[in-house]
There are 2 protein chains.
Amino acid sequence: MRDIARHAGVSPMTVSRALRQPSKVSEEMRRKVDAAVREFGYLPNRIAGSLSSSRSNVVGLVVPSIRNSLYASMIQAASDVLRANGLHLMIADSGHRLEDEEALVSAFLAQRVCGLILHNTVHSKRVRKLVEASGVPVIETGNLPDDPLDMAVSYSNFDAARAMTLHLARLGYRRIGFVTLPVRDNDRSEERRRGYFAALAELGRPVDDTLVLEAAGGFSEGADALVRLVNAHPDLDAGFFAGEVLAVGALFECQRRGWAVPGRIAIASFDDVDLLRHAVPSVTTLRIPRPEIGRRSAELLVRRLQGAPAERLKVDLGFEIVQRESS
Amino acid sequence: MRDIARHAGVSPMTVSRALRQPSKVSEEMRRKVDAAVREFGYLPNRIAGSLSSSRSNVVGLVVPSIRNSLYASMIQAASDVLRANGLHLMIADSGHRLEDEEALVSAFLAQRVCGLILHNTVHSKRVRKLVEASGVPVIETGNLPDDPLDMAVSYSNFDAARAMTLHLARLGYRRIGFVTLPVRDNDRSEERRRGYFAALAELGRPVDDTLVLEAAGGFSEGADALVRLVNAHPDLDAGFFAGEVLAVGALFECQRRGWAVPGRIAIASFDDVDLLRHAVPSVTTLRIPRPEIGRRSAELLVRRLQGAPAERLKVDLGFEIVQRESS
DNA sequence: CGTTTTTCTGGTATCGCTACCAGCATATGA
DNA sequence: TCATATGCTGGTAGCGATACCAGAAAAACG
């Protein structure tokens, strides 16, 4: 920058201003600076800028798994909004492990991110302390926490699972099995299971633990779970899966076995991915507004960075039942 | 850090050393520093550290689309390796636009990343200049460029598409259609198409442009393309799709229309995602070593950052044909 | 035992930028 | 007309760490 200033015949301060707040600088200076910048291909050092102004333009994001396409659509939307506001995204995955989340949060804070998005609402004590001490705005997402760290943008896993179960009952299904994703350290899975049970209770149906199976997320796990459920309960007429991969795995298994869907058994899923819409038969599911969650999260962060007052808030973006051929 | 030093009764320098190279500091000092650090919950400011040492621990990654799960498995693998080496990942997507890539690369360089991974091998002139001027190690991936910027880790799209086409021919298919992804500004798609044509030429078959359709990546685009190909060529007995979503979309369309796969028409795809393995019928495809690409890219970067000499290199990680039920 | 080497610690000077204040010109008001 | 406001520009002093060098203390050596 020193060089640019010398070659433009102005002071370094003027260069800095010309680049960041062109309006504060006269037309002539701006021209001279721009010319010098172009001539030397100067790239301002944002590290120095951040240090000096103690303001960074990087947002940290922790998701349970980068591989999962559900997070991808949220990440994409958040990324777009942030980029439009001159911010960048640092992404890491916790592998669903609380201790990894802790390490990542502290690394991000050491990196002096200007905001955090955590796709998780259950945190270790140290995470809560670190975040609080840092004063950095934080978004939690993926579930609606009772006691948010700062801001939360999500939908209710409980409500969604409950609504789908009631929906299946309303369609006339009498024996509905539920396949959950692993619930350890995962309040989202736990809430979904609770929602399912709550619906059964409301319907006055017996709560039968053997109607629920836990499965890791994978096509064969879904297939396997369905088969086990049907074997245990020959009268099972609907399967509700907590993840779209499980559901499609089950659907494929039905095709292999020649079980009519929904004639022999109905299938319902969580999350509205393209695959479910195009599968044969198309699959009934819950539309979770992933992109909106990403967008809204980013917007709230941006607003806060622009000086909006810090206030704890929970934004519930809801969900929608998408009734399709499979039920 | 000043505070920590005061409270530990040592100089700031000693604190810095105790944290970064504990071996260079006496047992006693280390204990005092650690105690103070824990007491105050001190997090070193990496921004300041980076500025001072002109060394950062952030790697920039540009993919065409964050949403695409293919990139996700590569990102995950890269992220794991980098994290194990104390590096972080800053991710952005170019939306397949060269001008966006340019903006991102310059933003990353301004951020003083210590390395770059670009999932793309066609760059604007300014990108080449910026990267060269910065001296930052770069990995290009997604294709094997003729003239790599620095290091390239990939497979050959040309070879892969050619091999699959030959494979289908060897299985006895006489009229093989090809559905390509958009080729504009995308050398990967272009290479795949070239590979398909090269195979046909080798087989002594007429090169018929009407056997090739371009489709945006989506289930319905795949379905639509297949139908159009079959309508134009009633004798079409195999469809080779440049993307797994296209292939599955086509497969679903066959199910809807009652076309036996592979009896009426065979289907082959690019990339070995779980979906293709579990679909009914399972889909013949090309296994591209995405995780290996991510891992290897990260390893090369790390090695370079540890002082390995800069040398241009191209690593071809190959591919594999996975023959399944659909062909 | 003196001297050289090794190990450890602390001071000082940046790293490249921005905040903040001071100064000068020009515009605005009475 | 002078006084006050306004707009631009430049100087100085950090931001919070590390690099580098210089001592002091301890260890190793002949």
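Nothing here was measured: the structure is a model prediction, and the numbers come from that model.
Side-chain polar atoms of B:E140 and B:H119 form no donor-acceptor pair below 3.5 angstrom. Between the side chains of A:E102 and A:S124, at least one donor N or O sits under 3.5 Å from an acceptor N or O. Side-chain contact of B:N120 with B:E101: a donor-acceptor pair under 3.5 Å is present, judged by distance alone.
Here the side chain of B:R312 pairs a donor or acceptor atom with the backbone of B:P148 at under 3.5 angstrom. A:N85 places a side-chain N or O within donor-acceptor distance of the main-chain N or O of A:V81, the cut-off being under 3.5 Å. With hydrogens and angles disregarded, no donor-acceptor distance shorter than 3.5 Å links the side chain of A:T14 to the backbone of A:V10.
OP1 or OP2 of C:dC8 has not a single side-chain nitrogen or oxygen of B:T14 nearer than 4.0 Å. Between C:dC17 and A:Y42, a contact under 4.0 Å exists linking OP1 or OP2 to a side-chain N or O.
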Can you pull every protein N or O that's under 3.5 Å from an N or O on nucleotides 11-15 of chain C?
{"from": "C:dC15", "atom 1": "O2", "to": "B:S52", "atom 2": "N", "distance (Å)": "3.4"}

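For the pair B:F40 CZ and D:dG16 P, the interatomic distance rounds to 16 Å; values are reported in whole Å. Atom CD of A:Q111 and atom P of D:dA17 are 13 Å apart (whole Å). We find that CG of B:L19 is positioned 16 Å from P of D:dG16, with the value rounded to whole Å. Rounded to an integer number of Å, the gap from NZ of A:K24 to C1' of D:dT6 is 11 Å. Between B:M1 atom CE and D:dA19 atom P the separation is 11 Å, expressed in whole Å. What separates CD of B:Q21 from P of C:dT7 is a distance of 14 Å, to the nearest Å. One interatomic measurement links the two molecules: CD of B:E28 to P of C:dT7, which rounds to 19 Å at whole-angstrom precision. Between the CZ atom of A:R2 and the P atom of D:dG10 there is a distance of 13 Å, given to the nearest Å.
Backbone-only contact: B:R55 has heavy atoms under 4.0 Å from sugar-phosphate atoms and none from a base. Residue contacts for B:R20: at a heavy-atom cut-off of 4.0 Å it reaches the sugar-phosphate backbone alone, with no base atom in range.
Overall bending of the helix from C:dC1-D:dG30 to C:dA30-D:dT1, expressed as the angle between end axes built from five pairs apiece, is 30° (10° steps).
The residues A:R30 and A:E27 are annotated as salt-bridged, a charged nitrogen and a carboxylate oxygen being separated by less than 4.0 angstrom.
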May I have the list of side-chain donor-acceptor pairs in residues 294-305 of chain B shorter than 3.5 Å, sequence neighbours left out?
{"from": "B:S297", "atom 1": "OG", "to": "B:I293", "atom 2": "O", "distance (Å)": "2.6"}
{"from": "B:R304", "atom 1": "NH2", "to": "B:D150", "atom 2": "OD1", "distance (Å)": "2.8"}
{"from": "B:R304", "atom 1": "NH2", "to": "B:D150", "atom 2": "OD2", "distance (Å)": "3.2"}

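Applying the 6.0 Å contact sphere to CZ of B:R46 captures no more than 12 heavy atoms from other residues, nucleotides or ligands.
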